Amino acid sequence: MAETSTLNQRPASSLSLLEEMERTYKDLPMEAIVKQDILRQGIHFFPEAFQVKDPYKSKDYFIFSFDHIPLADLKDGADTKAPEEIKISGGHFGLLKTVISTRNNPNSPYKMKLREGKPTLYLEETEIGTAEYPPIPSWYRHKTKSGKLPGEIAPVIEWGYLLYLTVFRNCQYFGKDEECAYCDINHNYRQQKGAGRPYTGVKDVEDILEVLSWVDAEDQIAKVYTITGGSVLTNLKKKSEVDFYLQYPEAIESRFPKRWMGKLVAQAFEKEDCQKFKDAGIQIYHPNYEVWDKDLFEKICPGKASWIGYENWIRRVVDSAEVFGPENVIPNFVGGVELSEPWGFKTVKEAITSTKQGLDFFMSKGIVPRFTAWCPEPYTTLGQQAGPPLVYFCELLRAWKETFESYGLPTPPGYGEPGPGKAVFSVSAFMDVIGYSGRN
């Protein structure tokens with residue numbers, strides 16, 4: 001492993017660092033390495049970078065902020081004009097087109113500027129790639145009968161592939177004794193409302209169906225919808241957690257049967273409740289386990305540990321495969337949070353060893369975890385701190401790819417095409433590495 005020392009020395013992004021990773025990790029595409037580095041560092045958009053010819057889709061803040069500083073502190077239009085994602089290509093490494101989620105960070109070494117009328121991403125003085133911004137879907141021009149915009153009700157991400165339905169924009173795990181320590185869903189809701197933005201807390205089924213009717217009529221790019229939101233511990237709108245979330249796929253599949261692949265990102269439910277969602281038409285289930293180590297789970301996810309418990313959570317993930325099929329259970333973990341201070345591992349080697357144990361546990365059963373790259377958002381319990389070094393993400397991608405290939409598992413469904421130049425999943429590079437055979 002390239003780095004086993006403590007994390008006090010975390011090299012900042014530089015061209016020499018990327019070139020070192022290129023030499024060291026020949027089994028990983030450079031698209032994935034660069035993508036993970038941009039995700040961990042964020043992007044500083046110069047004001048000129050928003051002066052592009054064609055309209056583009058800006059950030060809808062569909063669930064979390066994914067920004068390194070508070071919304072109120074973003075300057076020069078980044079709070080309202082930053083694109084949802086970027087797609088970079090070319091540049092110093094000759095990158096194939098690579099989709100990357102936007103994380104605003106005015107202190108990032110990655111700078112988005114305008115060159116010859118085109119947004120271009122730089123690291124130091126080196127061009128990393130020419131950037132495209134996502135187009136605005138035609139159906140974004142509508143407004144619901146209740147006066148809401150589509151991007152508030154059913155925003156589209158992953159370059160148009162995924163409709164993201166955060167139907168409950170808060171979480172009943174509340175306060176530092178219950179909230180997941182990396183999560184800013186409640187804080188993001190407050191800052192969006194504080195900025196005077198329309199930001200519906202609980203989405204109405206009829207609003208969602210109205211927006212989806214436009215997607216059905218006008219859109220051929222979106223292939224999947226995700227239903228998600230915060231946890232419900234007691235009840236919401238006089239419904240239990242299961243009944244609250246169940247109403248959405250039941251309505252969608254009744255109105256638009258099998259029009260899109262349905263996903264559910266929710267707590268780890270018992271099998272009988274999983275069956276209800278399967279019967280309603282949900283095909284993919286994401287009962288996210290967040291971090292593999294039991295002690296870290298209990299510290300970083302105190303509400304989940306208290307209300308459900310680590311052993312129960314893992315058992316329920318495994319049991320859910322009997323309902324959905326193991327290839328359709330894709331639990332997420334937050335890549336890098338196992339290195340967070342004050343509780344995390346002190347070395348990359350320890351962190352990867354632990355996380356690989358979880359990958360092996362699930363993949364040996366045909367369940368393929370995915371990961372999102374941790375973004376240290378300012379209002380969370382973990383707060384603003386240095387994220388993991390780039391070598392961690394390279395080691396994580398290697399461990400994920402090797403374990404995935406060793407069990408001969410199929411490409412996770414519901415994520416589009418795999419591989420460099422094709423992957424649209426924007427918050428980590430796990431899809432970018434699938435099928436890559438390496439370079440000399």
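All heavy atoms count here, side chains included; hydrogens, waters and symmetry mates do not. All values derive from a computational prediction rather than experimental measurement.
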Q.
Taking T372's backbone N and O only, do any of them form a donor-acceptor pair with N332's side chain (distance below 3.5 Å, no angle check)?
A. yes
(Q) Main chain of S138, side chain of W214: is a donor-acceptor contact present, judged purely on distance under 3.5 Å? (A) no
Q.
Test your reading of the model: is there a side-chain donor-acceptor pair from Q41 to the backbone of P109, 3.5 Å cut-off?
A. no
Q. Cation over ring, K113 on Y122, under 6.0 Å and within 45°?
A. yes
Q) How about Q191 and N188: does a side-chain donor come under 3.5 Å of a side-chain acceptor? A) yes
Q. Yes or no on salt bridge (charged side-chain N to carboxylate O under 4.0 Å, His left out) for D67 and K59, after CA distance, side-chain angles and deciding distance?
A. CA-CA 11 Å; D67 286 335; K59 286 185 69 165; 2.8 Å; yes
Q: Take K276 and D279, measure what salt bridge (charged side-chain N to carboxylate O under 4.0 Å, His left out) needs, and give me the verdict at the end.
A: CA-CA 5 Å; K276 295 176 183 176; D279 293 344; over 6 Å; no
(Q) Less than 3.5 Å apart, any donor N or O on the side chain of Y182 or E290 sitting next to an acceptor on the other? (A) yes
(Q) Take a 6.0 Å sphere around NZ of K97 and say whether it holds more than 12 heavy atoms from other residues, nucleotides or ligands. (A) no
Q: Could you please spell out the steps behind the salt bridge (charged side-chain N to carboxylate O under 4.0 Å, His left out) verdict for E405 and K401?
A: CA-CA 6 Å; E405 290 175 349; K401 185 173 186 286; 2.9 Å; yes
Q) So, the side chain of E84 versus the backbone of I157: is there a donor-acceptor pair under 3.5 Å, distance only? A) no
(Q) Quick one about E127 and T120 (side-chain donor to acceptor, distance below 3.5 Å, no hydrogens or angles considered), yes or no? (A) no
(Q) Can you give me the closest heavy-atom contact between N235 and Q172, atom names plus distance? (A) O-NE2, 3.3 Å
Q: Please say whether more than 12 non-hydrogen atoms of neighbouring residues, nucleotides or ligands are located less than 6.0 Å from NZ in K143.
A: no
Q) For A251, does its backbone N or O pair with a side-chain atom of S254 as donor and acceptor, under 3.5 Å? A) no
(Q) Minimum heavy-atom separation for I308 and Q267, please, with both atom names. (A) CD1-OE1, 3.3 Å
Q. Going by distance alone, is a donor N or O of one side chain under 3.5 Å from an acceptor N or O of the other, for E338 and S354?
A. no
(Q) I'd like to know if the side chain of Y56 and the backbone of K81 have a donor-acceptor N/O pair within less than 3.5 Å. (A) yes
Q | Check: R439 side chain, Y25 main-chain N or O, donor-acceptor pair, under 3.5 Å | A | yes
Q. Can you tell which of L74, L121, N104 makes a side-chain contact (heavy atoms from CB on, under 4.5 Å) with F45?
A. N104
(Q) Ring-plane angle category for F393 and F371, please: parallel below 30°, perpendicular beyond 60°, tilted otherwise. (A) parallel
Q) Can you check ring-ring contact (aromatic ring centres under 6.0 Å, His included) on Y289 and F297, steps first, answer last? A) CA-CA 8 Å; Y289 66 92; F297 180 88; 8.5 Å; no
Q) Can we call the ring centroids of F269 and F277 under 6.0 Å apart? A) yes
Q) Within the side chain of W313, is there an N or O that forms a donor-acceptor pair under 3.5 Å with the backbone of N288? A) yes
Q.
Tell me whether R169 forms a cation-pi arrangement with Y199, defined as NZ or CZ under 6.0 Å from the six-membered ring centre and within 45 degrees of its axis.
A. yes
(Q) Using a 3.5 Å distance criterion without hydrogens, assess whether the side chain of D184 forms a donor-acceptor pair with backbone atoms of T380. (A) no
Q: Please confirm whether F362 and W292 have ring centers closer than 6.0 angstrom.
A: yes
Q: Mind listing the closest non-hydrogen atom pair of L96 and T98 along with its distance?
A: O-OG1, 2.8 Å
Q) Does NZ or CZ of K263 fall inside the cone over Y415's six-membered ring, less than 6.0 Å from its centre and within 45° of the axis? A) yes
Q.
Between Q247 and D243, do the side chains contain a donor N or O and an acceptor N or O under 3.5 Å apart?
A. no
Q. Any donor-acceptor pair under 3.5 Å linking the side chain of E417 with the backbone of K422?
A. no
Q | Atom pair CD1/CG of I252 and L209 - distance to nearest 0.5 Å | A | 6.5 Å
Q | Member of E270, E272, E322 meeting the salt bridge (Lys or Arg N to Asp or Glu O under 4.0 Å) criterion with R316 | A | E270
